[in-house]
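Below is one structure, written out as structure tokens; comments come after it.
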Amino acid sequence: MAKYRVIVDRVNCLGCGAAPAACPEIFELGDDNGKNRVVAKYSVQTTRDISIGEIPEELYECAKSGADVCPVGAIRIEKIE
């Protein structure tokens, strides 16, 4: 089964809450700086500048909906080969 890497650019993130509203299974606003991040369950790295997570294939559409609603394009999704 495929896995996907979700990358949140927390520098450019506005903290508007659009991605967590669209896909709360993967995204949340951090209590550290109010910016979007990958939830702890899927997180592999989170700093003030970036949040990286790995998700199973069945959550791809949810993650994509979160990325698509981000007004500044601060979320990328890559297939892990």
Side-chain angles (χ1 to χ4, degrees):
M1 187 173 288
K3 286 184 83 173
Y4 292 86
R5 181 172 295 115
V6 178
I7 302 143
V8 179
D9 176 351
R10 299 183 86 202
V11 172
N12 290 316
C13 174
L14 301 175
C16 69
C23 184
E25 296 92 331
I26 298 173
F27 303 108
E28 67 183 2
L29 293 180
D31 54 9
D32 56 343
N33 64 1
K35 303 286 185 94
N36 187 24
R37 67 180 180 197
V38 177
V39 298
K41 180 176 181 178
Y42 299 111
S43 179
V44 294
Q45 176 188 356
T46 299
T47 68
R48 288 191 64 78
D49 296 337
I50 195 164
S51 179
I52 300 172
E54 293 182 359
I55 60 166
E57 185 172 25
E58 60 266 19
L59 287 176
Y60 172 79
E61 289 300 324
C62 185
K64 185 171 180 345
S65 70
D68 288 348
V69 299
C70 176
V72 294
I75 302 169
R76 289 192 337 263
I77 304 168
E78 303 171 346
K79 188 170 185 176
I80 299 171
E81 300 296 336

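Here the closest heavy-atom approach between residue T46 and residue S51 is recorded as OG1-OG, 3.3 Å. The shortest non-hydrogen separation linking A22 to S65 is O-OG, 3.8 Å. Shown here for R48 and D32, the closest heavy-atom pair between the two residues is NH1-O, 3.6 Å. Nearest heavy-atom pair across V72 and C13 is CG2-CA, 4.4 Å. Residue A19 comes nearest to I75 through the heavy atom pair CB-CD1, 3.6 Å, listed as atom of the first residue, atom of the second, then distance. Minimum heavy-atom separation, V11 to D9: N-OD1, 3.0 Å.
Side-chain heavy atoms closer than 4.5 Å link hydrophobic residues (I, L, V, M, F, W, Y) into clusters, and following such links, even through other members, never connects L29 to V69. When hydrophobic clusters are built by joining Ile, Leu, Val, Met, Phe, Trp and Tyr residues whose side-chain heavy atoms come closer than 4.5 Å, directly or via intermediates, I50 is not grouped with I55. Under the 4.5 Å side-chain contact rule for hydrophobic residues, V38 and L59 share a cluster. The same ILVMFWY cluster, assembled from side-chain heavy atoms under 4.5 Å apart, contains both V39 and Y4. Cluster annotation: I52 and I26 are assigned to distinct hydrophobic clusters (Ile/Leu/Val/Met/Phe/Trp/Tyr, side-chain heavy-atom contacts under 4.5 Å, transitive).
One distance of note links CD of E61 with SG of C23; it measures 10.5 Å at 0.5 Å rounding. We find the CD-CD distance between E54 and Q45 to be 11.0 Å, quoted to the nearest 0.5 Å.
Distance alone, capped at 3.5 Å, is enough to place a donor-acceptor pair between the R10 side chain and the N36 backbone.
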- [ ] Test D49 against K35 for salt bridge (Lys or Arg N to Asp or Glu O under 4.0 Å), laying out the working first.
- [x] CA-CA 9 Å; D49 296 337; K35 303 286 185 94; over 6 Å; no
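Looking only at side-chain heavy atoms (C-beta outward), R5 and I80 come within less than 4.5 Å of each other. Here the side chains of V6 and F27 are in contact, with some heavy-atom distance below 4.5 Å.
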